[in-house]
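Below is one structure, written out as structure tokens; comments come after it.
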Amino acid sequence: LSTSTNALKQAIDLVHRKHDAATARAGQAFQTWSADGAAPATIDVPVDATPYAYPPNCADVPELFAAAPCCAVTAAPLFSADECAFIIDEAERKDGWVPQEFRYARDVVQQCEDLPEVRSWLEAACRDSLFPLLQRTFPEVVGDGAAARDALRVFDSKILRYDSSKGESHLGAHRDGTLLTCVIALNSLDEYEGGGTTMEPLERTIRYDVGRVCVHAGEVRHGGAAVLKGCRYALVVFIDSALAFEPARALANEGDAQRLRGDLDAAAKLYDHAIEAGSRNELPWCGKGQVALEKGQFSEAAACYATAVDITPTHAVAWTNLGVALAKVGAPADVPVLKEAATAFQTAAALDEREPAPLNNLGLLLGDLNIHDAARDAFREAIARADGVPARERADLYTNLGCALVELDAFAEALDAFRSAVEADPTHQNAAKNVLAMRSFLASSAA
Ligand SMILES: O=C(O)CCC(=O)C(=O)O
Ligand SMILES: [Fe+2]
């Protein structure tokens, strides 16, 4: 064996042991298995599920799912409207909603673990209907019989709220970190406009009514469509199997865990191993790119993100980060590289029409190039997308707009922009300073 093969083998052994520990019955938050010998080999699910096949020649089918549909949605409610209402009720009574940590997320969530009644409801729901539904829909992945069904584990589960009136509108395209995902619609389609689960390979959004369930491979790219009016609630369950270990995915996940702990070198090695182990998606490339960005290695970062968007051209965040890396590589005056950076930002902005970050980056780049009118337009467009982003970030956008307007000698408009920054985030230091400076400048030039 070569050294690198040995290192790979050791890394795989390590994540395999972690997978076994994480899926052992001891320590599970949700007890979803039946008493030994008590469960029949198959449990009938009382409703049909409509499968949605991958399009022919789809290039992004997760390895274990070659024979499976992209997703399936129950043709009738699997849970009653009353059950769903009680879940929403317990969540709203607790009112522990928090934003998700992902850049692309605008919804708010609560962990099912923290809601005692939901938690015991979910354990029974998994045992009696969700796991049987997964076993019937993905037989090659789950395996046959009671033991395979009882090997499924709830890795994480949360209630999602997309309240359009609060700017909690959508969840951008992503891959879940687990083998399988179930999404349960908790309220009626009459209560909101838009919404639903967008399946990227299908290029469509599936809207399903209260009590119905959508199941899919965690790895398939998907998202929560924007709710345009009203409020949508859903319960999502992320599921792994003690019997299904996927080395490449486990290595990439472990890379993320090490990176978030701050061990960039360990993370970079794990991402390389994930690629070596045959990862077919962009995630380890994005992870390597992130590590390189954090280390200030910008050409390396650009190369990683270029590979990531080559694998998944729809990955808006990878395009944005490619632009960030190229802007650093090209600074201060390598115009062809800076143009490439601008194109990357524009591509990201077009792919995710609700995300301000690429336009903010584009504006900053144009400002560095002294193209202030285009920078102003980019910041304005970013602001138009900024409902629901954190206050501090909105204040930054207004501040950037104000600075572009100062460059264009549009001082009164600049003052308005700086005032909007303070309004967005009254604790924003620069914004308040800018308002004062702008006021005294306008006063002295009037005198
Ligand atoms: O809202 C949906 O339908 C999708 C939710 C989702 O993808 C997630 O929470 O990971
Ligand atoms: Fe998801």
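Order of appearance sets the numbers: ligands from 1, and atoms from 1 within every ligand. Quick note: residue numbers are just sequence positions, from 1.
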Heavy-atom pairs closer than 4.0 Å: do any link ligand 1 to the side chain of D107, the backbone, both, or neither?
neither
Pair K288 + D272, salt bridge at N-O below 4.0 Å
yes
Atoms in ligand 1 flagged as close to H174, the criterion being non-hydrogen separation under 4.0 Å:
6 (C), 7 (O), 8 (C), 10 (O)
When rounded to the nearest 0.5 angstrom, what is the spacing between CD in Q290 and CG in D256?
9.5 Å
Ligand 1 contact on T181 by region, counting heavy-atom pairs under 4.0 Å:
neither
Could you check atom 8 (C) of ligand 1 against the protein and tell me its nearest heavy-atom contact, residue, atom and distance included?
L171 CD2, 3.5 Å
Taking the six-membered ring for Trp, are the ring centroids of Y104 and H174 within less than 6.0 Å of each other?
yes
Could you tell me whether T197 approaches ligand 1 through its side chain, its backbone, both or neither, with non-hydrogen atoms closer than 4.0 Å?
both
Among all protein heavy atoms, pick out the one at the shortest distance from atom 5 (C) of ligand 1; state its residue, atom name and that distance to 0.1 Å.
L160 CD1, 3.5 Å
Residue, atom name and distance, where the atom is the protein heavy atom closest to atom 1 (O) of ligand 1
Y162 OH, 2.5 Å
Under-4.0 Å salt bridge between R17 and D13
no
Euclidean distance, N321 CG relative to Y305 OH, rounded to 0.5 Å
4.0 Å
Could you see which bit of K158 sits under 4.0 Å from ligand 1, with heavy atoms only: side chain, backbone, both or neither?
neither
Charged N-O contact under 4.0 Å between E355 and R106:
yes
What do you get for the angle at the Fe ion (ligand 2) between OD1 on D176 and NE2 on H174, to the nearest 10 degrees?
90°
Using a strict cut-off of 4.0 Å, indicate which atoms of ligand 1 neighbour a heavy atom of V183.
3 (O)
Give the C-alpha distance, both sets of side-chain angles, the deciding distance and a yes or no for salt bridge (Lys or Arg N to Asp or Glu O under 4.0 Å) between R249 and E63.
CA-CA 11 Å; R249 192 164 63 77; E63 196 163 3; over 6 Å; no
State whether D265 and K269 are salt-bridged, where the test is any N-O pair (Lys NZ or Arg NE/NH1/NH2 against Asp/Glu carboxylate O) under 4.0 Å.
no
Is any N or O atom of Q100, backbone or side chain, closer than 3.5 Å to an N or O atom of ligand 1?
no
